[in-house]
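Since the structure comes first, as structure tokens, the remarks are kept for the end.
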Amino acid sequence: MTAIDELLRRNTELGNIVPGDRSSPRPSMNVAILTCMDSRIRVFEIFGLKQGEAHVLRNAGGVVTDDMIRSLALSQRKLGTREVLLVHHTNCGLQLVTEDEFKDELEQDSGLRPTWSVEAFREVKDSVRGSMNRVRHSPFLLHRDDVRGFVYDVHTGELTEVV
């Protein structure tokens, strides 16, 4: 059985028991949460979210890239979000690579060098600050004042605000 088959089996067993309002694509709390794709970050559980309350955006590192600005712009302009919550985390895989080494690896294997940034970092708080700065200065976003960033400790579950 593949991992996808297992997930489909679990979905069938789960049924429709997840609480929340599914009547609208507009999140009822008017908040967008941007975080890392790391599977240790259980966004709904961390914040006690129900379906329909928040937009949850994920990528490698939880960094604000052009694609995240695209999603946030749609979230704000068409679906009513007004706040942005950034959650990076300890022990992130992006801390284990460097921009040039990873691009070199991809170029060696594929013959093409990526035009996009890997967004590797060493200090997670600096990455959070950089992402908050990108949100606060994007001309495409309507709501840039209510932006807060945190580091989630994957071992303790503690959230530490970055200022």
Side-chain angles (χ1 to χ4, degrees), residues 3 7 10 14 18-21 25-106 114-163:
L7 294 173
R10 290 179 188 180
L14 178 66
V18 180
D21 181 3
R26 299 171 77 79
S28 64
M29 295 186 77
N30 301 312
V31 65
I33 301 170
L34 195 160
T35 191
C36 185
M37 64 187 190
D38 191 299
S39 61
R40 296 170 293 179
I41 303 171
R42 299 173 59 195
V43 180
F44 280 76
E45 290 85 350
I46 290 170
F47 296 109
L49 287 172
K50 296 180 180 134
Q51 285 190 7
E53 289 185 324
H55 282 162
V56 178
L57 312 173
R58 296 180 88 135
N59 69 8
V63 294
V64 176
T65 60
D66 285 346
D67 190 53
M68 289 298 110
I69 293 292
R70 169 190 161 269
S71 293
L72 288 170
L74 287 163
S75 176
Q76 289 185 357
R77 291 175 177 271
K78 299 301 179 189
L79 298 167
T81 60
R82 294 187 301 269
E83 297 179 56
V84 178
L85 171 60
L86 303 172
V87 182
H88 295 205
H89 65 96
T90 59
N91 193 230
C92 183
L94 272 185
Q95 292 175 291
L96 305 175
V97 301
T98 68
E99 196 82 18
D100 287 334
E101 286 175 357
F102 191 63
K103 285 185 172 185
D104 289 346
E105 177 185 332
L106 294 174
T115 57
W116 37 263
S117 178
V118 177
E119 302 285 347
F121 59 88
R122 291 290 167 250
E123 176 54 52
V124 66
K125 289 180 182 179
D126 291 340
S127 182
V128 172
R129 285 185 193 100
S131 286
M132 287 191 301
N133 191 47
R134 288 177 182 171
V135 171
R136 288 178 177 147
H137 291 94
S138 174
F140 304 112
L141 301 179
L142 294 173
H143 306 285
R144 299 177 287 188
D145 294 331
D146 289 326
V147 179
R148 293 173 68 185
F150 295 82
V151 175
Y152 174 72
D153 187 311
V154 296
H155 300 292
T156 67
E158 180 181 356
L159 284 165
T160 303
E161 188 159 12
V162 176
V163 289

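No hydrogens, no waters, no symmetry mates; every other heavy atom, side chains included, goes into these values.
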| said: Applying side-chain contact (heavy atoms from CB on, under 4.5 Å) to Phe140 and Leu142, what does each step give before you reach the verdict? | reply: CA-CA 7 Å; Phe140 304 112; Leu142 294 173; over 6 Å; no

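For Ala120 against Glu99, the heavy-atom pair with the smallest separation is N-OE1, 3.5 Å. Scanning all heavy atoms of the two residues, the minimum distance from Ile41 to Cys36 falls at CD1-CB, 3.9 Å. Closest approach of Gly149 to Val128, counting heavy atoms only: CA-CG1, 3.7 Å. Annotation for Phe44 and Lys50: closest pair CE2-O, 3.8 Å, computed over non-hydrogen atoms. Val162 and Met132 make their closest contact through O-CE, 3.5 Å (heavy atoms, listed as atom of the first residue, atom of the second, distance).
Distance alone, capped at 3.5 Å, is enough to place a donor-acceptor pair between the Lys103 side chain and the Trp116 backbone.
The distance from the CG atom of Leu106 to the CD atom of Glu101 is 12.0 Å, given to the nearest 0.5 Å. In this structure, the separation between CG on Asn30 and CZ on Arg82 is 4.0 Å, given to the nearest 0.5 Å. Summarising the geometry, atom OG1 belonging to Thr81 is positioned 4.5 Å from atom CD belonging to Gln76; distances are rounded to the nearest 0.5 Å. Between the CG atom of Leu141 and the CD1 atom of Ile69 there is a distance of 4.5 Å, given to the nearest 0.5 Å.
Between Asp126 and Arg129 there is a salt bridge, with a side-chain nitrogen of the basic residue lying less than 4.0 Å from a carboxylate oxygen of the acidic one.
Pairs of residues two or more places apart, or lying in two chains, that qualify as side chain to side chain donor-acceptor pair (under 3.5 Å) and include a residue from residues 56-70 are Asp67-Arg70.
Shown here are the side-chain hydrogen bond (donor to acceptor under 3.5 Å, both in side chains) partners of Arg134, two or more places apart in sequence or in another chain: Glu119. Applying the side-chain hydrogen bond (donor to acceptor under 3.5 Å, both in side chains) test to His55 and every residue at least two apart in sequence or in another chain returns Ser75. For Asn133, the side-chain hydrogen bond (donor to acceptor under 3.5 Å, both in side chains) test picks out His137, with sequence neighbours left out. Partners of Glu45 by side-chain hydrogen bond (donor to acceptor under 3.5 Å, both in side chains), not counting sequence neighbours, listed by chain and number: Arg42.
Side-chain contact between Leu159 and Ile46: present, with at least one pair of heavy atoms (C-beta onward) separated by less than 4.5 Å. Between Val63 and Met68, the closest side-chain pair of non-hydrogen atoms is not below 4.5 Å. For the pair Val151/Lys125, a side-chain contact is recorded, criterion being any heavy-atom separation below 4.5 Å from C-beta on. Contact annotation: the side chain of Asp153 never approaches that of Thr160 to less than 4.5 Å [non-hydrogen atoms, C-beta and beyond].
Counting heavy atoms of neighbouring residues, nucleotides and ligands inside a 6.0 Å radius, atom CZ of Arg148 does not exceed 12 of them.
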Under 3.5 Å, side-chain donor or acceptor atoms of residues 84-97 against the rest of the protein: list the pairs with distances, not counting sequence neighbours.
unit_1, atom_1, unit_2, atom_2, d
His88, ND1, Ser127, OG, 3.4
His88, NE2, Gly62, O, 2.9
Thr90, OG1, Val154, N, 3.0
Asn91, OD1, Arg40, NH1, 2.8
Gln95, OE1, Cys92, N, 3.0
Gln95, NE2, Arg122, O, 2.9

